[in-house]
Protein chains: 2
Amino acid sequence: MTVDGRLARGERTRNAALDAAVVLATQAGLDGLSLAQLADALGVSKSGLFAHWRSKEALQLAAIDHAVTLWKQRILAPALRAPRGVRRVRALHDARLDFYASQALPGGCFFANTQFEFNARPGPLRDRLAETYRQWAVFLEDLVQQAVDAGELPADLDVPQLAYEIDALGMAAAMHSRLLDPDAAYRHARAGLLNRLRPLCPDPTLLTEGTS
Amino acid sequence: MTVDGRLARGERTRNAALDAAVVLATQAGLDGLSLAQLADALGVSKSGLFAHWRSKEALQLAAIDHAVTLWKQRILAPALRAPRGVRRVRALHDARLDFYASQALPGGCFFANTQFEFNARPGPLRDRLAETYRQWAVFLEDLVQQAVDAGELPADLDVPQLAYEIDALGMAAAMHSRLLDPDAAYRHARAGLLNRLRPLCPDPTLLTEGTS
DNA sequence: TAAATAAGCACGACCGGTCGTATTGTTTGA
DNA sequence: TCAAACAATACGACCGGTCGTGCTTATTTA
């Protein structure tokens, strides 16, 4: 942000466009995202968008990055306020489900939707989404590893395995909550984590404490 | 199927079209499915498709139903050959993962892809997909309930909860296997089920036996 | 300090192409 | 001969993208 009126205006438009693009792409898909529709939502002309991104694909890539920063702000940051270890893992899981439940993105989960959209379509968008997903997986594994290091989980735990299972619970919630019963989805996803941790966790209070 | 050559020919075209439609829609999405592309793949003109379905949406709905029958043939039927109870639950889970690994549908999982495509888009297609998913969930819960009834799982088990967790493992595999490492995805999905069942299952041999 | 130039930004009009769809005509087979 | 199956063609709508233009603001020049 700058006091420079010119740059400030462009920056504002860019940000508004990316915000709207994430919302629209979450509903219609990154491919189904229409530039005319996006321009209308912004109250700008379609051709004006091409002043900021040289092609639709460039805008789509920017939208992915923008969704990552939103995800970091809304889910990672709150979770990192919880103490390291099992409680932080639980906080991350809960923050994710809270974000879904908040309907901040009415279309569900941007990443789940777009990753399923592109998982059979090679190209730059798929690569970017895959890299994004890989970073998320690494982040989740790190948090589980911290719980192991803190002695809150068994030393011989298969960390990537548990991280996979946690991610699966959240991903299923993203779909289940839109297609069937939202309440049941979030309840099952939360209980699923506790069910899985219970036999692993020597200190049961780590599973009963609230995370907020 | 009939000996009537005229009807047989139409029936053959319809079946071939639905087969191809499921494959293409798995890759490009139900909406991204192009009738021109579908007609080309069949060696048929685009307008000919409208002789069999009055609109694209009608074809899409038929494709969903067709994918259901394929799913029943390829996944449900093999699983039902396993003995009732925990072994049948495992067999279903494994059959699902085997189907993904077989690459019979190069685009991944038809249902996961399309359900994420439409989970924010109300309409007949979304309704049909939701109903399909509900039936799958019921089927899975029934199988778990049978294991409870057979005394192979605790009588006070939360059946829908466990069914949700099993489904989540498979769904995550459908995405993980396309975007990151397929081998890791299937391994984690399989191990995930055993990890979850182990504390519940009084008879450990039910978890070590092969399922094929 | 004032004028001139350049750059950022947004607009409306328009392009070629593809989409789903309707119409009309031809082939096919009992 | 009759109806089902298919082909050919065209239509209107929408797609991403380009072009020329004008307005606003920053930078350079006199």
Side-chain angles (χ1 to χ4, degrees), chain A residues 1-22 24-25 27-64 114 117-118 121 123-126, chain B residues 1-22 24-25 27-64 114 117-118 121 123-126:
Chain A
M1 205 64 89
T2 163
V3 291
D4 182 334
R6 208 174 49 189
L7 292 185
R9 189 155 88 108
E11 196 70 26
R12 224 180 309 125
T13 300
R14 262 188 295 274
N15 262 320
L18 291 179
D19 277 335
V22 169
L24 291 175
Q27 298 175 274
L30 269 174
D31 224 55
L33 170 67
S34 154
L35 296 187
Q37 188 183 350
L38 175 61
D40 281 353
L42 292 168
V44 302
S45 73
K46 190 176 55 164
S47 55
L49 294 174
F50 286 90
H52 298 281
W53 297 277
R54 94 176 78 86
S55 66
K56 181 183 186 180
E57 189 179 80
L59 191 150
Q60 290 169 316
L61 288 169
I64 294 172
T114 57
E117 183 183 1
F118 281 92
R121 298 159 70 177
L125 291 172
R126 198 195 102 117
Chain B
M1 203 66 88
T2 162
V3 290
D4 183 332
R6 235 170 22 196
L7 291 184
R9 183 156 161 245
E11 196 71 26
R12 225 180 309 127
T13 301
R14 262 188 294 276
N15 263 319
L18 290 178
D19 277 335
V22 168
L24 291 175
Q27 296 174 276
L30 267 176
D31 223 54
L33 169 67
S34 155
L35 296 186
Q37 189 183 349
L38 176 60
D40 280 354
L42 292 168
V44 164
S45 80
K46 196 171 48 160
S47 62
L49 294 173
F50 285 88
H52 298 282
W53 297 278
R54 94 176 80 85
S55 67
K56 182 182 185 180
E57 191 179 78
L59 191 151
Q60 290 169 316
L61 288 169
I64 293 173
T114 57
E117 182 184 1
F118 280 93
R121 298 161 69 177
L125 290 171
R126 196 195 104 118

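FYI, side chains are in, hydrogens and waters are out, and symmetry mates aren't considered; it's all heavy atoms of this structure. Predicted model, so just to flag it, every value in this text is computed and none were measured.
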B:S55 has a side chain; which of D:dA5, D:dC15, C:dT21 sits nearest to it?
C:dT21
Straight-line distance of A:L24 CG to A:L30 CG, nearest 0.5 Å
11.0 Å
Heavy atoms within less than 4.0 Å of DNA chain C: which residues of residues 37-50 of chain B have one? Give them sorted by number.
B:K46, B:S47, B:F50
Contact under 4.0 Å: B:H52 side-chain N or O vs D:dC6 OP1/OP2
yes
In whole angstroms, the gap separating P of C:dC19 from CD of B:Q60 amounts to 14 Å
Between A:A36 and B:A51, who's closer to the 5' end of DNA chain D by nearest nucleotide?
B:A51
Take atom CD of A:E57 and atom C1' of D:dG17, then tell me their distance rounded to the nearest Å.
14 Å
So, the side chain of A:S55 versus the backbone of A:A58: is there a donor-acceptor pair under 3.5 Å, distance only?
yes
Expressed in angstrom and rounded to an integer, what is the separation of B:L35 atom CG from C:dT21 atom P?
7 Å
Whole-Å distance between D:dG17 P and A:L33 CG?
11 Å
I need the B:D31 CG to B:Q60 CD distance, nearest 0.5 Å.
6.0 Å
Kindly compute the distance separating OG (B:S45) from CG (B:L35), expressed to the nearest 0.5 Å.
11.5 Å
Looking only at non-hydrogen atoms, find the nearest pair between B:G29 and B:E117 and report the distance.
CA-OE1, 3.3 Å
Rounded to the nearest Å, what distance is computed from the CZ atom of residue B:R12 to the P atom of nucleotide D:dA4?
17 Å
With the side chain of A:T13 defined as its heavy atoms from C-beta on, choose the nearest nucleotide among C:dA10, C:dC19, D:dC6.
C:dA10
Rounding to a whole Å, what distance do you find between A:K56:NZ and D:dG16:P?
4 Å
Heavy-atom side-chain contact between A:L49 and A:L38 under 4.5 Å
yes
